[in-house]
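Heads up, the thing below is written out as C-alpha cells.
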Amino acid sequence: MQKMTPLDVVHKEDLEKLLSLASFGQLLPNMQFDWVDSFKADYSDSMIDLLSRLRDSKQFVGNDNLRIQISNCILRFDSLDEESVRVKCRALVDLKRMGMAYTAFDQFTKEYKLILNEDFKYSFEQFISEV
C-alpha cells in the first residue's frame with residue numbers, strides 16, 4: 001500500500017498485487033481479539049482509502065473493467081459504499097452490460113434495506129445519474 005501512495009506513478013504489477021490482496025477483503029475476519037482489532041481496522045481503513053483514490057483517479061477514467069474491479073474490492077470491505085456501487089453500475093452500463101448493472105444495484109438496495117432497515121431512496125436511473 002505504501003508503494004502505491006503516490007498515485008502519479010502506478011505500476012501495473014503493483015496494482016495487480018494490491019487488487020489481488022484486496023479481493024480477499026478484511027484481514028482475519030473470523031478472529032476477534034482486542035490486540036488485533038486495531039490493526040485490522042487500520043488495514044481496512046488504509047485499503048479503502050487507497051482503493052477509493054485509485055477508483056477516482058483520472059488515469060483510470062476510461063478503463064471500465066479496472067474501475068469495476070477496484071469497486072468490487074472496496075465493496076468487500078464496505079458493502080454499503082454508495083460511490084463504489086455507482087461507479088460499478090455506470091461502468092457496466094458503459095460496457096453495455098445493463099442486466100449486470102441492474103443486478104448489482106438490486107443487490108446493493110437489498111443489503112441496504114437489510115443492514116439499515118430502510119429503503120434506498122433512489123431509483124437505478126437516479127442513482128447512476130447522481131454527481
Side-chain angles (χ1 to χ4, degrees):
M1 286 190 287
Q2 290 174 344
K3 232 176 156 181
M4 303 272 306
T5 299
L7 292 180
D8 53 340
V9 180
V10 176
H11 298 286
K12 182 179 179 183
E13 300 80 27
D14 294 335
L15 181 59
E16 288 173 355
K17 190 180 293 186
L18 178 78
L19 293 176
S20 175
L21 290 172
S23 68
F24 290 105
Q26 297 178 5
L27 287 178
L28 309 169
N30 298 323
M31 185 180 281
Q32 300 293 324
F33 295 106
D34 291 338
W35 60 271
V36 79
D37 287 346
S38 65
F39 177 75
K40 289 170 40 176
D42 289 345
Y43 171 80
S44 293
D45 290 344
S46 297
M47 187 63 82
I48 291 170
D49 181 57
L50 176 58
L51 290 169
S52 295
R53 289 187 292 124
L54 286 167
R55 178 199 62 212
D56 300 336
S57 172
K58 299 220 185 292
Q59 62 185 317
F60 302 124
V61 167
N63 192 337
D64 290 326
N65 287 317
L66 182 60
R67 294 185 81 203
I68 292 168
Q69 190 176 1
I70 293 170
S71 294
N72 282 338
C73 287
I74 294 169
L75 292 167
R76 298 278 300 171
F77 290 90
D78 179 6
S79 61
L80 296 182
D81 186 277
E82 289 184 32
E83 190 57 28
S84 291
V85 175
R86 183 178 290 113
V87 166
K88 179 179 179 175
C89 289
R90 284 180 180 162
L92 287 167
V93 168
D94 289 346
L95 292 169
K96 309 285 189 255
R97 297 180 185 161
M98 292 300 293
M100 290 178 73
Y102 280 110
T103 299
F105 178 75
D106 187 51
Q107 184 178 11
F108 167 73
T109 58
K110 285 178 182 174
E111 186 150 0
Y112 189 95
K113 172 74 172 173
L114 181 70
I115 293 173
L116 300 177
N117 199 28
E118 62 182 64
D119 292 327
F120 191 65
K121 60 185 172 184
Y122 299 109
S123 69
F124 177 79
E125 291 76 15
Q126 292 169 321
F127 182 67
I128 64 169
S129 66
E130 284 270 322
V131 177

* To do: Using salt bridge (charged side-chain N to carboxylate O under 4.0 Å, His left out) as the criterion, list what pairs up with Asp119, not counting sequence neighbours.
  => Lys113

* Under the side chain to side chain donor-acceptor pair (under 3.5 Å) test, which residues partner Gln26, sequence neighbours left out? -> none

* To do: Check whether any side-chain heavy atom of Met47 sits under 4.5 Å from a side-chain heavy atom of Leu18, and report yes or no.
  => yes

* Asked: With sequence neighbours excluded, what pairs up with Asp49 under the salt bridge (charged side-chain N to carboxylate O under 4.0 Å, His left out) test?
  -> Arg53

* **Under the side chain to side chain contact (heavy atoms under 4.5 Å, CB included) test, residues paired with Tyr102 that sit two or more places apart** => Met98, Phe124, Glu125

* **Co-membership, hydrophobic cluster, residues Val87 and Val93, 4.5 Å side-chain** => no

* **For Asp94, all residues meeting side chain to side chain contact (heavy atoms under 4.5 Å, CB included), sequence neighbours excluded** => Asp64

* Is there a path of hydrophobic side-chain contacts, each under 4.5 Å between heavy atoms of I, L, V, M, F, W or Y residues, that connects Leu19 with Leu92? -> no

* Please check if the side chain of Arg86 supplies one atom and the backbone of Phe127 the other of a donor-acceptor pair under 3.5 Å. => yes

* Asked: Does any non-hydrogen side-chain atom of Leu15 lie less than 4.5 Å from one of Phe60?
  -> yes

* To do: Please check if Val61 and Leu51 belong to a single hydrophobic cluster, counting links between Ile, Leu, Val, Met, Phe, Trp and Tyr side chain heavy atoms closer than 4.5 Å.
  => no

* Give a yes or no answer on whether the side chain of Gln126 reaches the backbone of Ser123 with a donor-acceptor pair at less than 3.5 Å. => yes

* If you count the non-hydrogen atoms of other residues, nucleotides and ligands that lie under 6.0 Å from CD in Glu83, is the total more than 12? -> yes

* Asked: Do Lys17 and Ser20 touch side chain to side chain, with heavy atoms closer than 4.5 Å?
  -> no

* **Derivation and outcome, side-chain contact (heavy atoms from CB on, under 4.5 Å), residues Arg55 and Asp81** => CA-CA 12 Å; Arg55 178 199 62 212; Asp81 186 277; 3.4 Å; yes

* Asked: Mind checking whether Met100 and Ile128 sit in one hydrophobic cluster, side chains of I, L, V, M, F, W, Y counted as touching below 4.5 Å?
  -> no

* Leu50 versus Ser46: any side-chain heavy-atom pair under 4.5 Å? -> no

* Mind telling me whether Phe120 and Tyr122 have parallel, tilted or perpendicular rings, with 30° and 60° as the class edges? => perpendicular

* To do: Using the rule that two of Ile, Leu, Val, Met, Phe, Trp, Tyr join whenever any of their side-chain heavy atoms come within less than 4.5 Å, decide whether Tyr112 and Ile115 are in one cluster.
  => yes

* To do: Decide yes or no for Asp106 and Thr109: does some side-chain heavy atom of the first lie under 4.5 Å from some side-chain heavy atom of the second?
  => yes

* Find the distance between SG (Cys89) and CZ (Phe108) and round it off to the nearest 0.5 Å. => 9.0 Å

Sequence neighbours left out, cut at 3.5 Å: what donor-acceptor pairs do the side chains of residues 69-78 make with other protein atoms?
residue : atom : partner : partner atom : Å
Ser71   : OG   : Arg67   : O            : 2.9
Ser71   : OG   : Ser84   : O            : 3.4
Asn72   : OD1  : Lys88   : NZ           : 2.8
Asn72   : ND2  : Ile68   : O            : 3.4
Arg76   : NE   : Ser23   : O            : 3.0
Arg76   : NH2  : Phe24   : O            : 3.3
Asp78   : OD1  : Leu80   : N            : 3.1

